[in-house]
Amino acid sequence: MTTTQTRLPLFILGQSSDPHCERGVECPGELPPASDPALVERAWKAKERLGERLFVLGHHYQRDEVIQFADVTGDSFKLAREAAARPEAEYIVFCGVHFMAESADILTSDAQKVVLPDLAAGCSMADMATFDQVEEAWDVLTDAGVADVTVPITYMNSSADIKAFVGRRGGAVCTSSNAKRALTWAFEQGEKVLFLPDQHLGRNTAVLQLGLSLDDCVVYDPHRPGGGLTEKQLRDAKMILWRGHCSVHGRFTAEAVDDVRARIPGVNVLVHPECRHEVVTKADYIGSTEYIIRTIAEAPAGSAWAIGTELNLVKRLASQHPDKSISFLDRSICLCSTMNRIDMPHLVWALESLAEGRVVNQIVVDPETTHWAKVALDRMLALP
Ligand code: 13P
Ligand code: SF4
C-alpha cells in the first residue's frame with residue numbers, strides 16, 4: 001500500500017478564505033469541544049435515541065470519524081436518490097455540503113427537515129455561478145439570438161436558485177455519474193448547451209463522451225462583458241461552458257500524471273471528471289466518486305493505482321484495500337475544506353439537539369425555487 005500523506009505539503013482547498021467569515025455563518029449553538037473523548041459515544045447515543053426518525057447521508061469526501069454515522073454513503077447522485085426515497089424519515093442529517101442539503105430539501109416532503117451540521121460547509125465551485133450572473137448570461141445569449149436553441153444544464157454542484165433557473169428554461173440537473181446522459185438528452189432538445197458551473201466536467205463529457213471537438217466549446221466568463229465572447233463565437237459554439245471549476249480537482253496536473261507513471265511502473269491513473277481536460281486525457285479511467293470506489297473494489301490484488309480525487313476518499317480506499325497499491329495523484333495533499341467542516345463537534349451538536357427536540361441548521365428552500373429546481377432534478381432522475 002502506498003500513501004504519501006505525511007511527507008507532503010498540505011493544502012486545504014475548496015474555499016478561498018475562512019468560510020465562516022465569508023458566508024457570515026457562525027454556529028448558533030454551544031459546540032462540544034473537539035477534545036471531548038466521549039464525542040463518538042455521544043453521537044451514537046443521540047442517533048439511537050432518534051431511531052427511525054433520523055436518516056444520515058454521508059458524501060464520500062467526509063472524514064472517517066463522521067462517515068461511520070452515515071446510514072448511506074454515496075456520490076451526489078446516489079445521495080439525491082436516497083434522500084428522495086426516505087419519506088418516513090423526519091430528520092435528514094446531511095454530512096456533505098450546502099448544495100447537497102438543498103437538493104435533499106427539494107426532493108423531500110415539507111414534513112421532513114434537512115439539517116446541515118455546519119452551515120459553513122459550502123462549495124467554492126457552486127459559489128462561482130450566482131443567480132444574477134446566470135440571468136445576465138441568458139440575456140447575452142438572447143441578444144446573440146441563440147437563447148431559444150440553448151438548453152441549460154447545471155451540475156448538481158450549484159445553488160438551488162440556479163437549478164430553478166435551469167428548470168424554468170427547459171433544462172436539467174446532472175451529476176458526474178450521468179453527465180453523458182444529460183448532455184445527450186439536452187442535444188435532443190436543442191442545438192446548444194449552456195453548462196453550469198463546472199467547465200471541466202462539461203468539456204470532458206462533451207469531448208470525450210459525446211465526440212464533440214474542443215473547437216465546439218467556448219468558455220463564458222461571468223466577470224467579463226458579454227462573457228468575453230463575441231456573438232459569432234456564441235452562434236458557432238455547441239457547448240457554452242461556464243468559467244467555474246473545483247478548487248480541489250483543479251489542482252491535479254498533467255505533469256503529476258507523467259510523474260506518477262515514471263515513479264510507479266504499470267500504475268493505473270483514475271481521476272474524477274472535475275479534473276482539467278489535459279489531466280483526464282492522460283488518465284486511464286475517469287468517473288464519479290461512486291465509480292472510483294467500484295473500480296478499486298473490482299481491481300485485481302497487486303494492481304497499482306494513482307487516484308485524482310479528494311484525499312479523504314483516497315486514504316479510505318487505501319486502508320480498505322491493503323492488497324492494492326493506492327497512492328494520491330498529486331505530490332501535495334488536497335482536502336476539500338468545506339466538506340471537512342462537518343466534524344464530530346458539529347455532528348454531535350446537531351444530533352443531540354434533534355434528540356432534545358430542537359431542529360438546528362435546517363436547510364429550507366423557498367416554495368417557488370423548490371418547484372422549479374425540482375422540475376430540473378426530476379428531469380435528471382428520469383433520464384434513461
Ligand atoms: P460526485 O460525488 O458526484 O462524484 O462529486 C464529487 C464532488 O466534488 C462533490 O462535491
Ligand atoms: Fe465543491 Fe470541489 Fe469541494 Fe466538491 S470537492 S464540494 S466540487 S470544492
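Each residue takes its place number in the sequence, starting with 1. Note that ligands are numbered from 1 as they come in the structure, with each ligand's atoms numbered from 1 the same way.
- Using a 4.0 Å heavy-atom cutoff, Glu290 is absent from the residues neighbouring ligand 1.
- Heavy-atom contacts of Ser124 reach the following atoms of ligand 2: 8 (S) (cutoff under 4.0 Å).
- Inspection of the Asp215 and Ser213 side chains reveals no N or O donor paired with an N or O acceptor under 3.5 Å.
- Sorted pairs that involve residues 141-152 and meet side chain to side chain donor-acceptor pair (under 3.5 Å), not counting sequence neighbours, are lacking altogether.
- Cys246 lies close to atom 2 (Fe) of ligand 2, since one of its N, O or S atoms is found at a distance under 2.8 Å.
- Counting only distance, with no hydrogens or angles, the side chain of Glu310 and the backbone of Asn312 share a donor-acceptor pair below 3.5 Å.
- Heavy atoms of Asn157 found under 4.0 angstrom from ligand 1 belong exclusively to the side chain.
- Taking a 4.0 Å cut-off on heavy atoms, Met100 registers as neighbouring ligand 1.
- Residues satisfying the ring pair (Phe, Tyr, Trp, His ring centres under 6.0 Å) criterion with Tyr285, sequence neighbours excluded, are Trp305.
- Taking all heavy atoms of Ser288, Ser177, Ser176 into account, the minimum distance to atom 1 (P) of ligand 1 is reached by Ser176.
- In summary, Cys336 places no N/O/S atom under 2.8 Å from atom 1 (Fe) of ligand 2, failing the contact criterion.
- Using a distance-only test at 3.5 Å, with no hydrogens or angles considered, a donor-acceptor pair links the side chain of Gln68 to the main chain of Glu65.
- For Trp242 (side chain) and Met128 (main-chain N/O), a donor-acceptor pair under 3.5 Å exists by modelled atom type.
- At least one heavy atom of His59 sits less than 4.0 Å from an atom of ligand 1.
- Under a 4.0 Å heavy-atom criterion, Tyr61 is in contact with ligand 1.
- Residue Ser76 approaches ligand 1 through these ligand atoms, each under 4.0 Å from one of its heavy atoms: 1 (P), 2 (O), 3 (O), 5 (O).
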